[in-house]
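It should be emphasised that the depicted structure is a prediction, and the values quoted were computed from it without experimental measurement. Every heavy atom of this structure was used, including side-chain atoms; hydrogens, water molecules and symmetry mates were not.
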Amino acid sequence: MKFKLFSGLLLAAALFAACAGNTQVGVLSKPTPATTNLPGHDYPMVNPDLSAVFRVDFPDADSVAVNVGGKSYNMTKGEDGIWEATSEPLVPGFHYYMLNVDGQRVPDPNTQQFFGSFYWGSGIEIPEAGVDYYLEKKVPHGEIRIEKYPSALTAAERTAYVYLPPQYATEPERRFPVLYLMHGAGEDETGWATQGMMKNIMDNLIAAGECEPMIIVCEHGVAALAGEQPGGRFNLFNFDAFEKVMVEEVVPTFDARFRTIADRDHRAICGLSLGGFQSYTIGLDHPELFGWIGGFSGSGRGPGDRRDSEMYPTTINDDYHLLYISIGTDEPAGMYKGIYDLHCALDSLGVNHVYYESPGTGHEWLTWRRSLHQFAPMLFR
């Protein structure tokens, strides 16, 4: 069944009510260790007002600072040699952060590490009032597998994280639709499984009957063909090589390895930031492969995207079940304008799509968790 497409700002009342907790105090009744801490470590500690206390042991250091939420806080050294600082209240959701110790950037030894901004660093989770869709619940759980496979095009081994819904194990004869879910620039295939809490979001949606059980493939998302030099971080929007790998190797590989429904009506592509541009480009280039396209904080065919009837003809309405676009209201001004303008252009061209703004969030994982939570139930219905 084709999903009925529509455009315009989609702020579901229930989601908005849940997100209203962004400015509420009282998520916590007392200072509480962050859920992203390593076992047995009390700090960082999250306060009821959503500020965070950082304490680190660098007794021989001359200066230590912590950079979190886009601000740097100088830490004060106590008589015991422990450095401490308290941040301003932080926006709920996940935040990368790093320490600066005598001019050197180092991770916090108290926390788990996450890959983002092209390096492994620390992360802290700030709780969100009244929201549990991305938290683990007592529901049937799917699994995440780490899949490695040889790529002849790149002459290298590639890696993907694959989410399998609970029904994949309990219904061994059943076949499933597939969502190819891309990460952003400076991240990798681990992002959606860790920072994005993809498994919890999908488990909870499927258990509530709000979402079709589906396989999700999170591929590395960056490729250089054999014999060619990688594009590097300053040439990220040239993803011709990755498009070739996706079409000729990734889709056939995972159709062969898993019980997929191997047709375009049961195959979607979506991503965040750079991954959104990849998804729109690859998806619109290959209607024979993908019937559903989404972009979170990134949509269209990259910089210089022509937004005219030749690039976005109204035949898209017949060719695709869904085009989805989302953006955070607090994203950088240029990024917000680019995505909002694409939404307006598609409206003026008569191209059906869903447009969503995540209230109070920027270019961050809470924007993308909310987007996946809204996007996934629209698929394969």
Legend entry - By side-chain hydrogen bond (donor to acceptor under 3.5 Å, both in side chains) - contacts of E125 (at least two apart):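 Listed in chain order: R369.
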With sequence neighbours excluded, what pairs up with [X] under the salt bridge (charged side-chain N to carboxylate O under 4.0 Å, His left out) test?
| X | value |
| --- | --- |
| D62 | none |
| D341 | K337 |
| R259 | none |
| K71 | E88 |

Should the pair [X] and [Y] be assigned to parallel (<30°), tilted (30 to 60°) or perpendicular (>60°) ring geometry?
| X | Y | value |
| --- | --- | --- |
| Y96 | F94 | perpendicular |
| Y133 | H373 | parallel |
| H183 | H220 | tilted |

Examine [X] and [Y] and state if one hydrophobic cluster contains both, with Ile, Leu, Val, Met, Phe, Trp and Tyr joined whenever side-chain heavy atoms are less than 4.5 Å apart.
| X | Y | answer |
| --- | --- | --- |
| V245 | V247 | yes |
| L38 | V56 | no |
| I261 | I206 | no |

Quick one: pull up [atom1] in [X] and [atom2] in [Y] and give me the separation to the nearest 0.5 Å.
| X | Y | atom1 | atom2 | answer |
| --- | --- | --- | --- | --- |
| M182 | L179 | CE | CG | 8.5 Å |
| M98 | N100 | CE | CG | 9.0 Å |
| D57 | D80 | CG | CG | 8.0 Å |
| D132 | K137 | CG | NZ | 3.5 Å |
| F114 | T190 | CZ | OG1 | 9.5 Å |
| T314 | N352 | OG1 | CG | 9.5 Å |

Inset, instruction - Check the side chains of Y340 and E357 for a donor-acceptor pair under 3.5 angstrom, ignoring hydrogens and angles. - result: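 Absent: no donor and acceptor within the cut-off.
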Inset, instruction - For T281 and E243, test the side chains for any donor-to-acceptor distance below 3.5 angstrom and give the result as yes or no. - result: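 No - no donor-acceptor pair under 3.5 Å links their side chains.
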Legend entry - Partners passing side-chain contact (heavy atoms from CB on, under 4.5 Å) against K244 (at least two apart in sequence or in another chain):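 K244 satisfies side-chain contact (heavy atoms from CB on, under 4.5 Å) with L153, L225, E248 once adjacent residues are dropped.
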Inset, instruction - Name all residues meeting the side-chain contact (heavy atoms from CB on, under 4.5 Å) criterion together with D42; count only those two or more places apart in sequence or in a different chain, and write none if there are none. - result: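 So D42 forms a side-chain contact (heavy atoms from CB on, under 4.5 Å) with P33, M45.
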Legend entry - Lys/Arg cation over aromatic Y320: R264, 6.0 Å, 45° cone: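 Yes, cation above the ring, under 6.0 Å and within 45°.
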Legend entry - ring pair (Phe, Tyr, Trp, His ring centres under 6.0 Å) contacts touching residues 32-74 (sequence neighbours left out):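 The answer is F54-Y97.
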Legend entry - ring pair (Phe, Tyr, Trp, His ring centres under 6.0 Å): pairs with one or both residues in residues 157-179, sequence neighbours excluded: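 Listed by first then second residue: Y168-F176.
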Inset, instruction - Scan residues 102-115 for pairs that pass salt bridge (charged side-chain N to carboxylate O under 4.0 Å, His left out), counting only residues two or more places apart or in two chains. - result: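 Residue pairs passing salt bridge (charged side-chain N to carboxylate O under 4.0 Å, His left out), neighbours aside: none found.
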Whether [X] side chain and [Y] backbone form a donor-acceptor pair below 3.5 Å:
| X | Y | answer |
| --- | --- | --- |
| D330 | G362 | no |
| N47 | D49 | no |
| N204 | L135 | yes |
| T36 | G123 | yes |
| K77 | P59 | yes |
| R306 | M311 | no |
| T32 | V46 | no |
| S279 | G271 | yes |

Which heavy atom of [X] sits nearest a heavy atom of [Y], and at what distance?
| X | Y | value |
| --- | --- | --- |
| P313 | V351 | O-CG2, 3.9 Å |
| V66 | A85 | CG1-CB, 4.3 Å |
| S297 | M335 | O-SD, 4.1 Å |
| G283 | I293 | C-CD1, 3.5 Å |
| H266 | D263 | ND1-OD1, 2.8 Å |

Inset, instruction - With sequence neighbours left out, write down each residue that passes ring-ring contact (aromatic ring centres under 6.0 Å, His included) with H363, or none if nothing qualifies. - result: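 H363: ring-ring contact (aromatic ring centres under 6.0 Å, His included) contacts with W368.
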Less than 4.5 Å apart, side chain to side chain, heavy atoms only: is that true for [X] and [Y]?
| X | Y | value |
| --- | --- | --- |
| P31 | V53 | no |
| P166 | D203 | yes |
| F115 | T194 | no |
| P109 | L99 | yes |
| P177 | L379 | no |
| H286 | I269 | no |
| I282 | F290 | yes |
| I124 | T111 | no |

Legend entry - Centroid-centroid under 6.0 Å between F380 and W292 rings: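 Centroid distance F380-W292: below 6.0 Å, so yes.
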Legend entry - Within 6.0 angstrom of E157 CD, more than 12 heavy atoms from elsewhere: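 Yes - once you tally the heavy atoms of other residues, nucleotides and ligands closer than 6.0 Å, there are more than 12.
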Would you be so kind as to tabulate the donor-acceptor pairs closer than 3.5 Å made by side chains of residues 211-219, with sequence neighbours excluded?
| from | atom 1 | to | atom 2 | distance (Å) |
| --- | --- | --- | --- | --- |
| E212 | OE2 | R381 | NE | 3.3 |
| E219 | OE1 | R158 | NH2 | 2.8 |
| E219 | OE1 | G221 | N | 2.9 |
| E219 | OE2 | Y149 | OH | 2.4 |
| E219 | OE2 | R158 | NE | 2.7 |
| E219 | OE2 | R158 | NH2 | 3.3 |

